[in-house]
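This report concerns only the one structure given below.
Since the model is a prediction, treat every value here as computed from it, not as a measurement. Labels below follow one simple rule: chain letters A, B, ... track the order of the sequence lines, proteins then strands, and each chain is numbered from 1.
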Amino acid sequence: GQSLEQPSEVTAVEGAIVQINCTYQTSGFYGLSWYQQHDGGAPTFLSYNALDGLEETGRFSSFLSRSDSYGYLLLQELQMKDSASYFCAVKGGGSQGNLIFGKGTKLSVKP
Amino acid sequence: DTGVSQDPRHKITKRGQNVTFRCDPISEHNRLYWYRQTLGQGPEFLTYFQNEAQLEKSRLLSDRFSAERPKGSFSTLEIQRTEQGDSAMYLCASSLGPINTGELFFGEGSRLTVL
C-alpha cells in the first residue's frame with residue numbers, strides 16, 4: 001500500500017520562507033505531486049517531481065529525494081493568500097491509476 | 001475553458017435517504033475520479049473510470065455506493081441508505097489519460113450533510 005506523512009500545521013509570517021515536508025512509503029513510485037486547497041475550494045495542482053532534485057515554479061519550489069522517500073514544498077516570499085492546506089500525493093491503487101493523498105498541512109500566514 | 005463541474009454543491013439529507021451527485025469533467029478528459037474528503041483530511045480515493053469503464057474501486061466504497069459513467073462523459077455517484085458517517089465533501093476530478101504528470105483537475109465538490 002501507500003502512506004504519506006506530512007506535518008499537520010505550519011505557521012509563518014508574511015514575506016518569510018516555509019518548507020513543508022512529505023515522507024512516503026509506496027510499493028511502486030512514479031513521482032510526487034503537490035496540491036493546494038483553500039478553505040471551501042477545490043484542490044489545485046502545484047507541482048510534480050518524478051526525478052531527484054528541485055523544480056521551481058515562481059515563488060514555489062518542490063524537491064524530491066527518491067533514495068530517502070522524501071520531498072518538500074518550498075514557498076518563498078509568503079503572502080496572506082498562501083494560507084491554505086497543502087497535500088502531497090503519489091500514484092497508487094491496485095492499478096497505479098489514481099492519486100493517494102497525504103492528510104495535508106495547514107499553512108497559516110500571519111501579517 | 002470549462003473546468004470540472006459538480007452538482008449539487010450542497011446536499012442535506014436525513015439518514016436512510018438516497019442521494020445522487022453528478023460530475024461533468026473537462027470535455028476532452030477520458031478519465032474521471034471520485035474522492036471523498038472529511039474536515040482536516042486529504043482526499044480519499046473512491047473510484048475511477050476510463051471512458052465508461054470503471055477501472056478501480058476502493059475498499060472505502062461500500063455496497064451502498066455506486067458510480068456510473070454511462071456514456072463516458074458525465075458521471076454519477078449514488079449513496080443509498082445514507083448514514084451520518086457519509087457526511088463529507090465528495091470531490092470529482094478528471095485527467096486526459098493516465099496521470100503521468102501527477103495532475104488531476106478537481107471540481108469544487110458536493111458537500112453532503114446527513115442528519
Chain A contact via [X] - which portion, at a heavy-atom distance below 4.5 Å:
{"X": "B:Phe105", "answer": "neither"}
{"X": "B:Pro43", "answer": "both"}
{"X": "B:Leu55", "answer": "neither"}
{"X": "B:Gln37", "answer": "side chain"}

Item to check | Part of A:Tyr30 within contact of chain B (heavy atom distance under 4.5 Å) | outcome: neither

Item to check | A:Phe29 and A:Tyr24 aromatic centres sub-6.0 Å | outcome: yes

Checklist entry - Do the two ring centres, one from A:Phe101 and one from A:Tyr35, sit under 6.0 Å apart? => result yes

Item to check | Gap separating the CZ atom of B:Arg81 from the CZ atom of B:Phe65, nearest 0.5 angstrom | outcome: 10.5 Å

Next on the checklist: Using a 6.0 Å cut-off, check whether atom CG of A:Leu54 has over 12 heavy atoms from anything other than its own residue.
Outcome noted: yes

Next on the checklist: Which residue is it: B:Lys14, B:Arg111, B:Arg64? I am looking for the one with a salt bridge (charged side-chain N to carboxylate O under 4.0 Å, His left out) to B:Asp86.
Outcome noted: B:Arg64

